[in-house]
Amino acid sequence: MVDVYIQDLAAHVGKEVTLKGWLYNGREGGKIMFLILRDGTGLCQCVATQDSLSEEDWLKAKSLTQESSFTVTGTIRADERAPGGHEMDVRTLDVVAIAEEYPITPKEHGIEFLADRRHLWIRSRRQVAILRIRHTIIRAIRNFFDDHGFTLFDAPILTPNAVEGTSTLFETEYFKLGKAYLTQSGQLYGESGAMALGKIYVFGPTFRAEESKTRRHLTEFWMVEPEMAWFDLDDDMKLAEDFISHIVQAVLKERPNELAELERDTAVLEKIVPPFPRVSYDEAVEMLHSDKTARMVDDRIAAAEKEAEELKAELASNKEQYGKVKEWQRKKFDAREIQINNRLTDLEEMLRNLPKWKESARNFEHGGDLGGSDETLLTWYFDKPVIVHRYPAAVKAFYMKRDPQDESKALAMDVLAPEGYGEIIGGSQREDNLDFLLERIEEHKLPKEVFEWFLDLRRYGSVPHAGFGLGVERTVSWICGLDHVRETIPFPRLIHRNRP
RNA sequence: UCCUCGGUAGCUCAAUGGUAGAGCAUGCGGCUGUUAACCGCAGGGUUGCAAGUUCGAGUCUUGCCCGGGGAGCCA
């Protein structure tokens, strides 16, 4: 086992300790060597000189390749220049295993290359930071519910039918009982739990066989779904904003180093406290139709065009100078060219999309569901998550209760994260009237037989109740400021990838 | 399923239709404070696959394969 981990080095300054880990990177300078040791809790630069080591240990140190495992013993010294703030002056060193040539070099790699090596990629600093924040988020989720009188209620993963009938699910043969499906939501079971225990939360993996190929979708993801007896829609929204705020504040408090590693702007996260802005669907549609929305899009188009022009000018100027400058300057031009081209590709994508977004918002038809771009435009109005509520019943699930003030609306709510991260929560007050629920099941052409047990919840002491589902990966992606959910889970499952 | 962008050395990327290059990685040599170290030398290629246009194709055309981003759907 390990006596001392790198994250605890502050308590060992001036003392001799042994560290165990892997070589993250190394630099050699004649008779001095800098070994960056990685132990899973941090990085420590170990300084070895030819004078301070035996000849045998010096040769061992020289033999280390990237990701070779080894142990080092030496004195810990505080040093501001070192990442993590501490360094070791090495006295002795032992090699455990010399690594073969490691594919993931300390340079840039494409996403396909890294995804094929996900089992190694997770050793990288950035991935370690993300996975630690994921852990903190999951703990914050559980703490929040546990401290608010909720009981964990596990729903089955194999289910006999689709919850909402709309999604495509993964199916499998279930002995002699016919088809079974991997769950797309634990909600219906959660409702039974709320009637038994009052306040519960279902927390587990969820599966969708939709061919969604975007930065927000996985085929297998984790969702937490609280369900509360005696809660109405307002109670539900209040809980959601308290819940999200608690998670964000917990990450800010417990993971400042990891957020720094990810270069996350924490100022925008500090603002995530209740209350969140609330916009009804009708208000949202007005906002989409407004001149202000059109102007916001125009401003972004203008900014993107300006940036693209400046970058193209720089590229042209660099090309002109390229032939005239010394070789060492050419390297800088080469590196800059790659950087500029990557940014230009992003800008071109934006410039293709933004006019479409503007049109789609301007022509949005009242009564339809909000599209991804419409949601993004709405979030531009606020620096906190925005809650959109009371959607048209026609675009929402059968189990959502109708608004008594306006029968065309469902008592539904979505929470949209800022900065374009989109829907992180979808929830509603549930239909508690047996007859209405039966009507809905008929309207949606769902097989009544498989919902009999669910209908029983309305037959035996039905009460108003509500709940929501929060997508863990989307939440991690937003809080970490990532551009894709595939980095938020150890082994992401995507439409074109189910390995490693 | 549809729209859109791409596939060149192990990796990240350059290359007006005219002799395929750079950085990193790897190997060897040099350097006692490096921070994705640096300096010198070396090896490394069926330009995704197939056909076509052309004196000549990484570059143009068509088809296919693979991947990125997006739509629909959703967390």
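Here is how names work: the chains are called A, B, and so on, in the same order as the sequence lines, proteins then strands, and each is numbered from 1. Just the heavy atoms: all of them, side chains too, but no hydrogens, waters or symmetry mates, feed the values below.
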Review item, nucleotides 9-11 of chain B N/O atoms under 3.5 Å of protein N/O:
from	atom 1	to	atom 2	distance (Å)
B/C11	O2'	A/Glu108	O	3.0
B/C11	O2'	A/His109	ND1	2.6

For nucleotides 66-69 of chain B, list the nitrogen or oxygen atoms of the protein found under 3.5 Å from its nitrogen or oxygen atoms, one pair per line.
from	atom 1	to	atom 2	distance (Å)
B/G69	OP1	A/His484	NE2	3.2
B/G69	OP1	A/Arg486	NH1	3.1
B/G69	OP1	A/Arg486	NH2	3.0
B/G69	O3'	A/Arg215	NE	3.3
B/G69	O3'	A/Arg215	NH2	2.9
B/G69	O2'	A/Glu349	OE1	3.4
B/G69	O2'	A/Glu349	OE2	3.0

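The nearest whole Å value for the distance from the CG atom in A/Leu114 to the C1' atom in B/U12 is 11 Å.
A/Glu211 comes within 4.0 angstrom of a base, heavy atoms only. Residue contacts shown for A/Gly371 are limited to sugar-phosphate atoms, with no base heavy atom under 4.0 Å away. Among the heavy atoms of the strands, none lies under 4.0 Å from A/Gln50. Looking at heavy-atom distances under 4.0 Å, A/Gly469 makes contact with sugar-phosphate atoms alone, never a base. Among the protein residues, A/Glu225 comes within range of no part of the nucleic acid, since none of its heavy atoms lies under 4.0 Å from any strand. Using a 4.0 Å heavy-atom cutoff across all strands shown, A/Gln66 reaches no nucleic acid atom at all. Residue A/Arg77 is in base contact, counting any heavy-atom pair closer than 4.0 Å across all strands shown. Counting any heavy atom pair closer than 4.0 Å across all strands shown, A/Ile425 reaches sugar-phosphate atoms only and no base atom.
Under the stacking criterion of a centre-to-centre distance below 5.5 angstrom and an interplanar angle below 30°, A/Phe34 is not stacked against the six-membered ring of B/G33.
Between A/Glu423 and A/Arg216 there is no salt bridge, since none of the side-chain N atoms of the basic residue sits less than 4.0 Å from a carboxylate O of the acidic one. For the pair A/Lys62 and A/Asp57, the salt-bridge criterion is not met [side-chain N within less than 4.0 Å of a carboxylate O]. The existence of a salt bridge linking A/Arg497 and A/Glu220 is excluded, since no basic side-chain nitrogen approaches an acidic carboxylate oxygen closer than 4.0 Å. Salt bridge status for A/Arg126 with A/Glu487: present, with a side-chain N to carboxylate O gap under 4.0 Å. With respect to the salt-bridge test (charged N to carboxylate O, under 4.0 angstrom), the residues A/Glu359 and A/Arg362 do not qualify.
Taking the ring axis of A/Trp357 as reference, the NZ or CZ atom of A/Arg300 does not stay both within 45° of it and closer than 6.0 Å to the ring centre. Judged by the 6.0 Å distance and 45° axis criteria, A/Arg117 is positioned over the aromatic ring of A/Phe113.
Between A/His119 and A/Phe491, the ring center distance fails the sub-6.0 Å criterion. Ring centroids of A/Phe207 and A/Tyr181 are separated by 6.0 Å or more, keeping the two rings apart.
Interface remark: the A/Ser373 side chain does not form any donor-acceptor pair with the B/G70 base, using a distance-only criterion of under 3.5 Å.
A tilted orientation is assigned to the rings of A/Phe203 and A/Tyr201, their planes being inclined by 30° to 60°.
Taking atom P on both B/G21 and B/U16, the two are 14 Å apart, rounded to the nearest angstrom. Separation of the C1' atoms belonging to B/U4 and B/A75 is 25 Å when rounded to the nearest angstrom. Separating the C1' atom of B/G7 from that of B/U12 is a span of 14 Å, rounded to the nearest Å. Here the separation of B/C13 from B/G48, taken at their P atoms, is 14 Å to the nearest Å. Distance check on atom C1': B/A57 versus B/C31 gives 47 Å, rounded to whole Å. Nucleotides B/U19 and B/G58, compared at atom P, are 10 Å apart to the nearest Å. Using P as the reference atom, B/U1 and B/A9 are 29 Å apart when rounded to the nearest Å. The gap from the C1' atom of B/G68 to that of B/U61 amounts to 25 Å, rounded to the nearest Å.
Taking for each of A/Leu470 and A/Trp357 the nucleotide of RNA chain B with the nearest heavy atom, the 5'-most of the two is the partner of A/Trp357.
Here the side chain of A/Ser212 is nearest to one of B/C73, B/G33, B/C74, namely B/C73.
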